[in-house]
Protein chains: 2
Amino acid sequence: MAAKKQVIKETVGARIRSLRIASNLTQDEFAHKLGVSRSAIAQWETDRAGQIRDNMERIAKVLNTSMAYLVSGESGSLQGDELAMMNLYRSCTSEDRQILLRTAKRLAR
Amino acid sequence: MAAKKQVIKETVGARIRSLRIASNLTQDEFAHKLGVSRSAIAQWETDRAGQIRDNMERIAKVLNTSMAYLVSGESGSLQGDELAMMNLYRSCTSEDRQILLRTAKRLAR
DNA sequence: GACAGAATGTCAATATAACTAACACTCCTT
DNA sequence: AAGGAGTGTTAGTTATATTGACATTCTGTC
């Protein structure tokens, strides 16, 4: 109810828009991929409405990012292929993680 | 009773509960700090209902954590073996990165 | 065990936010 | 000027978060 004009420049909407454009998607195409209306996208990107969690997860997947980045904008958050690599690594058993680490050590210059 | 394995809480609710208890707060005290009803807390922690963004921000503040962790269960910064893995990955050529990704895809369950 | 008080779980009803559909506006291109 | 593509905006609807009341479990104490 209180006025909540954010001083923070980087908003969730700004990050969504930035990543959508980086993916060469129009709002319409993006909406179709997510299964929501285009006007919902427009409102997300202008921070007029939030997103329920299910949609946040889909957004992160389609834009190859993490919910953590969308929500927080933390620069340390992994993106793209680095995120994919870490997700795979985390879903491995500890034995397989050691295999990956050894392989990476061998390949790294 | 040796060192307890650090387990990543699976759901948002589990993480909220874990942090609330770590702060020695009852649901009632927690609700009062946030300005919401106690039953809302109970439903968050049992994943019967989500939280709007404003409340997520307050939750993170009261529990001394980040929205990113609450939402995704991942801390913004990498640590230990994960950091080692990512450093190695980053020092690989793009060809070798592809190899690592393929290997990880094969190993991941 | 039985009781009381505290803490939490559950459910119907309500409040509020997300979402849709329709329309408006701005750029381009012809 | 007209039309189309892309996006912004608004009112209305749908979906979800939140509340309040009641139920349940847990923890001591007798």
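Any value given below was found using the heavy atoms of this structure, including those in side chains, with hydrogens, waters and symmetry copies removed.
Regarding B:Glu45, its CD atom lies at a distance of 16 Å from the C1' atom of D:dA17, rounded to whole Å. In this structure, CD of B:Gln27 is placed 12 Å from C1' of D:dT25, rounded to the nearest angstrom. In this entry the distance linking CH2 of B:Trp44 with C1' of C:dT10 reads 17 Å, nearest Å. With rounding to whole Å, B:Arg53 atom CZ is found 8 Å from C:dA18 atom P. Between the CZ atom of B:Arg58 and the P atom of D:dA17 there is a distance of 16 Å, rounded to whole Å. The distance from atom CD1 of B:Ile41 to atom P of C:dT10 is 16 Å, rounded to the nearest whole Å.
Among all heavy-atom pairs drawn from B:Gln27 and B:Arg20, the shortest one is N-NH1, 3.4 Å. Of all non-hydrogen atoms in B:Arg15 and B:Val71, the two that sit nearest each other are NH2-O, 3.2 Å. Listed here is the closest heavy atom pair of A:Leu83 and A:Ser66: CD2-N, 3.8 Å.
Taking the side chain of B:Arg48 as heavy atoms from C-beta on, and the options C:dT8, D:dT7, C:dC11, the nearest nucleotide is C:dC11. Nearest to the side-chain atoms of B:Thr46 among the listed nucleotides C:dA21, D:dA17, C:dT10 stands C:dT10. Minimum atom distance to the side chain of A:Ile52 is reached by D:dT16, of the listed D:dG6, D:dT16, C:dT8.
With rounding to the nearest 0.5 Å, the separation of CG in B:Leu101 from OH in B:Tyr89 is 4.0 Å.
Taking 3.5 Å as the limit, the base of C:dA21 and the side chain of A:Ser39 contain a donor-acceptor pair of atoms between them. Side-chain atoms of B:Arg38 stay outside donor-acceptor range of the base of D:dG20, with no qualifying N/O pair under 3.5 Å. Between the side chain of B:Gln51 and the base of D:dT18, no donor-acceptor pair under 3.5 Å is found. The base of C:dT8 is not paired with the side chain of B:Gln43 by any donor and acceptor separated by under 3.5 Å.
A:Ser37 comes within contact range of at least one nucleobase, with a heavy-atom separation under 4.0 Å. Among the heavy atoms of the strands lying under 4.0 Å from A:Ala49 are primed sugar atoms or P, OP1, OP2 only; no base atom is included.
For A:Asn55 and C:dA18, the shortest distance from a side-chain N or O to OP1 or OP2 is not below 4.0 Å. Contact between the side-chain N/O atoms of B:Arg20 and the OP1/OP2 oxygens of C:dT8 is found at a separation under 4.0 Å.
For the side-chain hydrogen bond (donor to acceptor under 3.5 Å, both in side chains) with B:Asn55, the qualifying choice from B:Arg58, B:Glu57, B:Gln51 is B:Arg58, the only one to do so.
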